[in-house]
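So you know, we letter chains A, B, ... as the sequences are listed, proteins then strands, and number each from 1. Values below: every heavy atom of this structure, side chains too, minus hydrogens, waters and symmetry copies. What you see is a predicted model, and the numbers here were worked out from it, not measured in a lab.
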Amino acid sequence: MLWSKLFIPTLRDNPAEAEVASHRLLLRAGYIRQLSAGIYNYLFLAQRSMLKITKIVREEMDAIGAQEFYLPALNPAEVWKESGRWDVMGDNMFRLKDRFGRDLCLGMTHEEVMTSIARGELRSYKQLPQLWYQIQVKFRDEPRPKSGLLRVRQFTMKDSYSFDMDAAGLDASYEKHRQAYCRIFDRCGLKYTAVEADSGAMGGSQSHEFMVESEAGEDYVVYCAATGYAANLEKAVSRPVAPAVADPEGDLTPEEFSTPNFKTIDEVSAFTKLPATSQMKSVVMVGDGKPVLALVRGDHQLSEAKLAGVLGAAEVRAALPHEIQEWFGAAPGSLGPIGVKIRLLTDNALEGRKNMICGANKDDFHLRNVTPGKDFKAVYHDLRQVAAGETNIETGDPLQILKTVEIGHIFKLGYKYSKSMGLSVLDESGKEVTVIMGSYGIGLERILCAAVELYHDGNGMSLPASIAPFTVVVTPVNMKDEALKSAAETLYAECNKAGMDAVLDDRDERPGVKFKDAELVGIPWRITVGKKLAQGIVEVVERRTGKLTEVPVGEAVEFVRKGLLG
RNA sequence: CGGGGCGUAGCGAAGCCUGGUAUCGCGCCUGGUUCGGGACCAGGAGGUCGCAGGUUCGAAUCCUGCCGCCCCGACCA
C-alpha cells in the first residue's frame, strides 16, 4: 500500500487525556479515536491489527476442532431470566425495550444463548463433545471505563463454550483451550503467565487467567519465580511472616483493659507496645444479606473474594456502622469475637495462636489473653490476602506481586447453565444426563493493548510482526530523486511478492518525518533507500532494537524476510 | 455513586484572578527554497471560547444550573 493514500493521522503531541502508554500511543499513532467514554472508533491501522489478531485466534481455535458460530449481540430478556443473570448483572448490562415494550439487552457474554442452542439441538451422548466459538462484539456498561482500549463498554471477544458428558470430558476441553490460548498468545508475541484464578462463588471447579505484566493493569498476580507458582491475588496462598513477638505462655484468662480512643490496629499497637501480629482484627461483612465476622491477624488483610468463596455468597460488602452497632453493641475499633451472635470465621493464620489482643465489644475497651478455639469457637478458613514479603506456602521461596492485564480467561463452568436452562442428553443406557460446560474468553483489543504496553519506547510502539499493521516500510528519503524513487518502488514490489505486508512511504515529506511516523506506528522493519543507493546499498533497520544494517539492494528483501522469521 | 482535575481551531497550550473586538506553537492550504531524524521564507484558511440561563453598556473571563471527558476510589459476569 502507498502511505500517501492512507489515512494515518499521527499526532505530534501526546493527547492530554491519555495517561497509560497504550492509550496514548494508539491515539497518537492514528490507530484509534474516541467517540465517547469507553467507546472507540478503530481506524485503518487498528482494524488492520485487529484483523491479524482475529486471524491467529481463528486458526488456533479451528485447530482444536472448535466450530465458529456468530450469535446475535441483541438478546431477548427471556434467556437471561432463565439463568438468573438478568438480575445478577445489574447495571453492568445495557438494556433496552423494543417497540412493543419487550425487554432486550446487549450481550455481555453468551453462555445463555449458546446453552439455548445446545438444549434445543443436542439429544444424544453421540453428539458430544462440542466446542463452539464466536468472535463478536460484547457490551458492558462499565462503572468507569478507562485506560483507552483496556476497559471499555464495547469490545471484541472470542468466546467459546464446551459441552461434555462428564468431568473428564470437560477436563479435556479445558486443556485443549489452555494449549490453544498459549499458542495464540505466543503467536501474538506476548509475554504472559497463566495463573490460577478465583472461580467465584458459583461452583466452578477450576479457572485460569492469562495475564500480561503491565503498570496499566488492574489485576494483581502473586508469582513465585523459583517454583513457577502463579495465582490471582484473589486466590493466591502464601506462608505468612512469623509473629513479631511470641505469644505469652500459659493458660491465661481474657482480661479487659481500657483503650480510650485507641481504635485502629496501629493505635492499639502503640498503646500496648505489642506489634500488630499480636492482635486479632475483626472485620464485619455482609454476604448475600447475612452478617459475618471475619477474624484475621492484625497485620493481615481480609480477602473479600476468599470470604465470598467460603460463604458461597454472590455478593459481599462491608457492614454499615449502624449494623455493626446493632450486632455488637459497640463501634468499629472495639470489636472482637467473644460473645458475638453472628457467624464467625477465623483465618488459618490464627490457628495455634494464644493469649492475643482483640476488641471487647465495648467501646474503648480491648481484651488481652484471648485464645482462638478456647475463648471462642474458631472455624478456620483461608481468608487472608497475600501481602508483599510473604513466601511460597509449600517451599518458602520468595513471592512477588505483579500488576497485570487480563487477556484471557478459561473456566470450568460445571452445571450452572445446563442445569438452570435444562440442557441434557441421553447416555448409552438411555438415561438423561445433564451436560457439563466450560467457557473460555479472549479480549482481542487487550491483545493489542498488552502488546503496546510491553513493546514501546520514547519513539512510539514496536509491535510484534504478527500483529503489526504492516511488517515492513520502504522509505525513500527523497521522492523527487528519480533513482531513489524507482529503487524504492522496486523494493516495495519485491516485498509484496515475497508475501510481506509492505507499505511504501511515497509521501513527499522530509526523511525525518517518515522515520518518526514509521517508528510511532511501530512497523517492525524499515528499508531506507538513500544516498548510498549509488553504491548499490540500502539500510535495513529493525524497530525493536534500532539496529541498522547496510545491505546490497538485491539482498534487502531476503534480509528482512529472515529477520521476520526471527 | 464518592473525591479530584479539565473543557478556548485538528493536536498541545496561554488568556479567566483584575470583564473591553480571540493569542501562541504544531498541523492544514497556496507559492517558493529545501531534502538522512518531526525544515525555512512569504501569504492564507480555520474558533457559536462545552451548553443554557443570569449579572453587566459590554462576558472566554463573574454567578447559577446542566452536559461531556480524564484520574483516584467503590464496582468489575
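- Using atom P as the reference point in both B/G50 and B/A22, the two lie 14 Å apart (nearest Å).
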A correct 5'-to-3' footprint of nucleotides 67-74 of chain B, with B, S and - meaning base, sugar-phosphate only and no protein heavy atom under 4.0 Å, is --SSBBBB
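- If you take CG of A/Leu520 and P of B/G27, they are 15 Å apart, rounded to a whole angstrom.
- Only the P atoms considered, B/C71 is 15 Å distant from B/A13, to the nearest whole Å.
- Distance noted for atom C1' between B/G20 and B/G38: 40 Å (whole Å).
- The base-pairing partner of B/G38, taking Watson-Crick or G-U wobble contacts with both distances under 3.5 Å, does not exist among the strands shown.
- The CE-C1' distance, from A/Met93 to B/C75, rounds to 16 Å in whole Å.
- Closest to the A/Arg151 side chain, of the nucleotides B/U34, B/G12, B/C76, is B/C76.
- A 3.5 Å limit on both hydrogen-bonding distances identifies no Watson-Crick or G-U partner for B/G46.
- Cation-pi geometry between A/Arg526 and A/Phe515 is satisfied (NZ or CZ under 6.0 Å from the ring centre, within 45° of the ring normal).
- Base pairing of B/G2: its partner is B/C72, meeting the Watson-Crick or G-U wobble criterion (both donor-acceptor distances under 3.5 Å).
- No option in A/Arg119, A/Met114, A/Arg85, A/Glu82 other than A/Arg85 meets the side-chain contact (heavy atoms from CB on, under 4.5 Å) test with A/Tyr417.
- OP1 or OP2 of B/G27 has at least one side-chain nitrogen or oxygen of A/Arg12 nearer than 4.0 Å.
- Spacing between B/G19 and B/C57 at atom C1', rounded to whole Å, works out to 12 Å.
- Note: CZ (A/Arg28) to P (B/C26) measures 16 Å, nearest angstrom.
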In a table with atom names and distances, give each donor-acceptor pair under 3.5 Å that connects a side chain of residues 15-24 of chain A to protein atoms at least two apart or in another chain.
from: A/Ser22; atom 1: OG; to: A/Glu453; atom 2: OE2; distance (Å): 2.8
from: A/His23; atom 1: NE2; to: A/Tyr40; atom 2: OH; distance (Å): 3.2

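- Taking the ring centre of A/Phe470 as origin, the terminal cationic atom of A/Arg48 falls inside the region bounded by 6.0 Å and 45° from the ring axis.
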Between protein and nucleotides 42-45 of chain B, what N or O pairs are separated by less than 3.5 Å?
none

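- Across all strands shown, the partner of B/C26 is B/G10, judged by Watson-Crick or G-U wobble contacts whose two distances both fall under 3.5 Å.
- Under the Watson-Crick or G-U wobble criterion, with both distances below 3.5 Å, B/C62 is paired with B/G54.
- Rounded to whole Å, the P atom of B/G27 lies 42 Å from the corresponding atom of B/G65.
- Going from atom OH of A/Tyr220 over to atom C1' of B/C76 covers 15 Å, rounded to whole Å.
- In this structure, A/Phe69 has its ring center closer than 6.0 angstrom to the ring center of A/Trp132.
- Note: A/Trp525 and A/Phe559 have perpendicular aromatic rings, judged against thresholds of 30 and 60 degrees for the angle between ring planes.
- Taking atom CG of residue A/Asp141 and atom P of nucleotide B/C75, one finds them 17 Å apart after rounding to whole Å.
- Look at the P atom in both B/G3 and B/G10: the space between them is 33 Å, to the nearest Å.
- In terms of position on RNA chain B, the residue among A/Asn478 and A/Asn14 whose nearest nucleotide sits closer to the 5' end is A/Asn14.
- Here B/U34 is the nucleotide among B/U34, B/G36, B/C11 with the atom lying nearest to any side-chain atom of A/Lys480.
- Checked against the 6.0 Å centroid threshold, A/Phe210 and A/Phe185 count as a close aromatic pair.
- The CD-C1' distance, from A/Glu142 to B/C1, rounds to 15 Å in whole Å.
- One finds no side-chain N or O of A/Lys516 lying less than 4.0 angstrom from the OP1 or OP2 phosphate oxygen of B/G37.
- Using C1' as the reference atom, B/G5 and B/G37 are 36 Å apart when rounded to the nearest Å.
- Judged by a 6.0 Å distance limit and a 45° cone about the ring axis, A/Arg95 is positioned over the six-membered ring of A/Trp86.
- Atom NZ of A/Lys412 sits about 13.0 Å away from atom OG of A/Ser439, to the nearest 0.5 Å.
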